[in-house]
Amino acid sequence: MQIATWNVNSVRTRLEHVVNWLQSHPAVDVLCLQETKVVDADFPHQPFTDLGWHTYIYGQKSYNGVAIVSRQPMSDIKMGFAAILDDVGDLDEQKRVIAAIANDIRIVNLYVPNGSAVGSDKYEYKLRWLDALRQYLQALLANDPRPTLICGDFNVALEDIDIHDASDRANQVMATDAEREALQSVLHLGFKDVFRKFTAEAGHYSWWDYRGGSFQRNRGWRIDYHFVTENLYERAIACEIDVEPRRLTQPSDHTPVIVEF
DNA sequence: ATGGCTTCAGAATGAAGA
């Protein structure tokens, strides 16, 4: 089984890229999308359903939004933190969480807030959101201990080797100790970075800034992940970043990451 | 260089992304 994650930076703008990619990667069973940037009523279901695929969406106007495209029907679709947590305050106003089950694997598709700038209101929101994610996953695993995968755009580089240049990381959003600690608190529930089962060295990235020729110079960040419970970690046989879509004209600034079990 | 691109929304001296 293959599961992929891809922040497409607008599913409507990237529709042709996404459909072509799925058609050229027939072994991918489930594709988790982030930053769909479209209200549910306007989501372009038809290009997917015409090819026999199933779509599960949780979107909003202009910003954020997550979706899952699956070759087979999925079950137990859960939108937002409120599907699990009682009091989520303002944390579901931005649509960033959708979960479902395929092949007895719980797949949680996430778009973690960016945080804007260290110390800003959005940065504080990001840290608060990650704490809610920890509570959400703790409750989810307690209610249902099946194999679980969380994937998506985490907007945090876990280690210095996940950044092309970490020298100023204390001042850089996605790289600060507080963000790493908040994400590690999530992972301490029992999740492991499956990419690192197969690849130890630096220089592998999933996002490159549109500006300054960052992709051509490979000045990237690895911020898109598959984190899996121990049973899935043992079952994983590959985890790869597919840089090819980043070479296309009018690309997303992120590229897909695929895990295979 | 509070920058450099790109998206959406809607008409901005914009907001947000990362």
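As a basis for the values below, the full set of heavy atoms in this structure was taken, side chains included, without hydrogen atoms, waters or symmetry mates. In what follows, chains are A, B, ... by sequence order, proteins preceding strands, each numbered from 1.
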Which residue in the set K95(A), Q34(A), E35(A), R96(A) passes side-chain hydrogen bond (donor to acceptor under 3.5 Å, both in side chains) when paired with N64(A)?
R96(A)
Could you tell me how far apart K122(A) (NZ) and dA15(B) (P) are, to the nearest whole angstrom?
9 Å
Which residues, ordered by chain and number, are linked to W53(A) in its hydrophobic cluster, where ILVMFWY side chains connect at heavy-atom gaps below 4.5 Å, directly or through other members?
W6(A), V8(A), V11(A), L15(A), V18(A), V19(A), W21(A), L22(A), V28(A), L31(A), L33(A), V38(A), F43(A), F48(A), L51(A), I57(A), V69(A), I258(A)
Passing option when Y205(A) is tested against R219(A), H254(A), H164(A) for side chain to side chain contact (heavy atoms under 4.5 Å, CB included):
H164(A)
To the nearest angstrom, how far is Q60(A) atom CD from dA9(B) atom P?
11 Å
Considering just the side-chain nitrogens and oxygens of K61(A), establish if one lies under 4.0 Å of OP1 or OP2 belonging to dA9(B).
no
5'-most contact on DNA chain B (nearest-nucleotide basis), G115(A) vs G212(A), goes to G212(A)
Any N9(A) side-chain nitrogen or oxygen under 4.0 Å from OP1 or OP2 of dT6(B)
no
Value for CD (E159(A)) from CG (D193(A)), rounded to nearest 0.5 Å, stands at 7.5 Å
Roughly, in whole Å, what's the span from CG in N114(A) to C1' in dA15(B)?
12 Å
Could you let me know what dT13(B) is paired to, Watson-Crick or G-U wobble, both distances under 3.5 Å, or none if it's on its own?
none
Nearest to the side chain of K37(A), which nucleotide is it out of dA18(B), dC8(B), dT6(B)?
dC8(B)
Residue mapping more 5' on DNA chain B - nearest nucleotide basis, G213(A) or H254(A):
G213(A)
Rounding to a whole Å, what distance do you find between D153(A):CG and dT7(B):P?
16 Å
Does T13(A) make a side-chain N or O approach to OP1 or OP2 of dC8(B) shorter than 4.0 Å?
yes
Touch check for N7(A), heavy atoms < 4.0 angstrom, all strands: base, sugar-phosphate only, or nothing?
sugar-phosphate
So if I take every side-chain heavy atom of R12(A) and compare against dA9(B), dA18(B), dG17(B), which nucleotide ends up nearest?
dA9(B)
Categorize Q172(A) for me: base, sugar-phosphate, or nothing, with a 4.0 angstrom heavy-atom threshold over every strand shown.
nothing
Phosphate oxygens OP1/OP2 of dA18(B): is one of them under 4.0 Å from a side-chain N or O of Y111(A)?
yes
Could you tell me whether the phosphate oxygens of dT7(B), OP1 or OP2, come under 4.0 Å of any side-chain nitrogen or oxygen in R14(A)?
yes
Please state whether the phosphate of dC8(B), meaning OP1 or OP2, lies under 4.0 angstrom from any side-chain nitrogen or oxygen of S10(A).
yes
It should be established whether Q250(A) places a side-chain nitrogen or oxygen under 4.0 Å from OP1 or OP2 of nucleotide dT7(B).
yes
Sidechain N-carboxylate O distance under 4.0 Å for R146(A), D76(A):
no
